[in-house]
Visitor: 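I have a structure I would like to understand better, so I am pasting it below and will then ask my questions one at a time.
Every value quoted in this text rests on a predicted model; they were computed, and no experiment measured them.
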Amino acid sequence: MNTIDTKGLICPSPLIMLKEALLTIEPGESVSIITDNEISLQNMLNYLKDHGADPEVQTRGKIHTILTMRPDRSLGESDPAAYCETTPVESHRSDYVVCIKGDLMGEGDPELGRMLIETFIDNLKVQENLPSHVVIYNAGVKLAIKETTTCSSLNELEELGCRIMLCGNCIDFYKIQYKIGVGMISNMVSITETLASAGHVIYP
């Protein structure tokens, strides 16, 4: 697997290096891109998703590694610099984090709990102030399984600029590695740092 190290670089350099790396491999082959820049991370993810890729992100401290296969869609005419946002998305975002620790909301009837968590996540995206992150761990990672209502809602949140962080150990525990349809696979170091630095944390 090719590995591209873009640490210390800002847009458009990481995006251009990403495109060049993808063009050197065949469709279906993989490439790894390393960055220490949050803005570049989001820009590269947007570029990949718009071209039909399904990237995975692993985060360790402030270092992010994107793992992706070359998409079938043509990249030759694409302009990676067009995805270069140089400032964070600040509008409609507050300094708070939503932390989801299960696939149900509240205690009591499981069917009601499932309905409540689906409604809660769906309503997050229409808030005037969006959370900076949604951190999901334990059974909550099941909410990111492809083709679920909650996965669709989380995808919409991600498109609005909210980072979806999933506990990698939890995904491994439930053996759903190949079912995840949204978010970045993270670890407890990054999750702890995110929660500790948040203005406040909401637990639904």
Visitor: Side chains of Cys151 and Asn155, heavy atoms from C-beta outward: is any pair under 4.5 Å?
Guide: yes
Visitor: Can you name the nearest heavy-atom pair linking Asn187 to Arg60, along with the distance?
Guide: ND2-CA, 3.6 Å
Visitor: Any pair with a residue in residues 181-204 that passes salt bridge (charged side-chain N to carboxylate O under 4.0 Å, His left out), sequence neighbours left out, goes on the list, sorted by first then second residue, please.
Guide: none
Visitor: Are Leu48 and Met184 linked, directly or through other ILVMFWY residues, by side chains that come within less than 4.5 angstrom of each other?
Guide: yes
Visitor: Given the rule in the side-chain contact (heavy atoms from CB on, under 4.5 Å) test, do Thr68 and Glu56 qualify, once you have shown the distances and angles that lead to the verdict?
Guide: CA-CA 6 Å; Thr68 184; Glu56 174 186 330; over 6 Å; no
Visitor: Rounded at 0.5 Å granularity, tell me how far CG in Asn2 sits from OG in Ser30.
Guide: 9.5 Å
Visitor: Members other than Val189 in its cluster, when Ile, Leu, Val, Met, Phe, Trp, Tyr link by side-chain heavy atoms under 4.5 Å?
Guide: none
Visitor: Would you name the heavy atoms of His64 and Thr59 that are closest together and state the gap between them?
Guide: ND1-OG1, 3.0 Å
Visitor: List the steps and the verdict of side-chain contact (heavy atoms from CB on, under 4.5 Å) for Ile4 and Leu18.
Guide: CA-CA 8 Å; Ile4 310 302; Leu18 168 60; over 6 Å; no
Visitor: Given side-chain contact (heavy atoms from CB on, under 4.5 Å), test Ile202 with Cys99 step by step and report yes or no.
Guide: CA-CA 6 Å; Ile202 293 176; Cys99 186; over 6 Å; no
Visitor: For the residue pair Ser40 and Pro14, what are the closest heavy atoms and their distance?
Guide: OG-CG, 3.7 Å
Visitor: Any salt bridge (charged side-chain N to carboxylate O under 4.0 Å, His left out) pairs touching residues 28-41, not counting sequence neighbours?
Guide: Glu38-Arg163
Visitor: Under the side chain to side chain donor-acceptor pair (under 3.5 Å) rule, collect the residues that match up with Thr6, sequence neighbours excluded.
Guide: none
Visitor: To the nearest 0.5 angstrom, please state how far the NZ atom of Lys142 sits from the OG1 atom of Thr150.
Guide: 12.0 Å
Visitor: Is there a continuous path of hydrophobic side-chain contacts, each under 4.5 Å between heavy atoms, that joins Met69 to Leu22?
Guide: no
Visitor: Which heavy atom of Leu157 sits nearest to which heavy atom of Ile121, and what is that distance?
Guide: CD1-O, 4.3 Å
Visitor: Taking Ile63 as the starting point, is it possible to reach Met165 by hopping between hydrophobic residues whose side chains are less than 4.5 Å apart?
Guide: no
Visitor: Which residues pass the side chain to side chain contact (heavy atoms under 4.5 Å, CB included) test with Met105, sequence neighbours left out?
Guide: Leu116, Ile117, Phe120, Pro204
Visitor: Could you check whether any side-chain heavy atom of Ile100 comes within less than 4.5 Å of a side-chain heavy atom of Val134, counting everything from C-beta outward?
Guide: yes
Visitor: So that I can tick it off, tell me whether Glu158 and Lys49 are bridged by a salt bridge, with the cut-off set at under 4.0 angstrom between side-chain N and carboxylate O.
Guide: yes
Visitor: What heavy-atom pair brings Ser153 and Asp122 nearest, and what distance separates the two atoms?
Guide: OG-OD1, 3.4 Å
Visitor: Give me the atom names and distance for the closest heavy-atom approach of Asn129 to Tyr96.
Guide: O-OH, 2.8 Å
Visitor: Donor-acceptor pairs under 3.5 angstrom involving side-chain atoms of residues 166-183: please list them, not counting sequence neighbours.
Guide:
from: Asp172; atom 1: OD1; to: Gln177; atom 2: NE2; distance (Å): 3.3
from: Tyr174; atom 1: OH; to: Asn138; atom 2: OD1; distance (Å): 3.0

Visitor: Please step through side chain to side chain donor-acceptor pair (under 3.5 Å) for the pair Gln42 and Asn46, ending with a clear verdict.
Guide: CA-CA 6 Å; Gln42 193 58 54; Asn46 290 339; 3.3 Å; yes
Visitor: So Lys19 and Ile16, do their side chains get closer than 4.5 Å, heavy atoms only?
Guide: no
Visitor: Kindly indicate whether the side chain of Lys7, heavy atoms from C-beta on, has any atom under 4.5 Å from the side chain of Thr35.
Guide: no
Visitor: NZ of Lys62: more than 12 outside heavy atoms within 6.0 angstrom?
Guide: no
Visitor: Can you tell if the side chain of Leu130 reaches within under 4.5 Å of the side chain of Leu124, non-hydrogen atoms only?
Guide: no
Visitor: Side-chain contact, heavy-atom cut-off 4.5 Å: Glu111 with Met115?
Guide: no
Visitor: With a 4.5 Å heavy-atom cut-off, do His133 and Val98 have their side chains touching?
Guide: no
Visitor: For the residue pair Val57 and Thr65, establish whether any side-chain heavy-atom pair is separated by less than 4.5 Å.
Guide: no
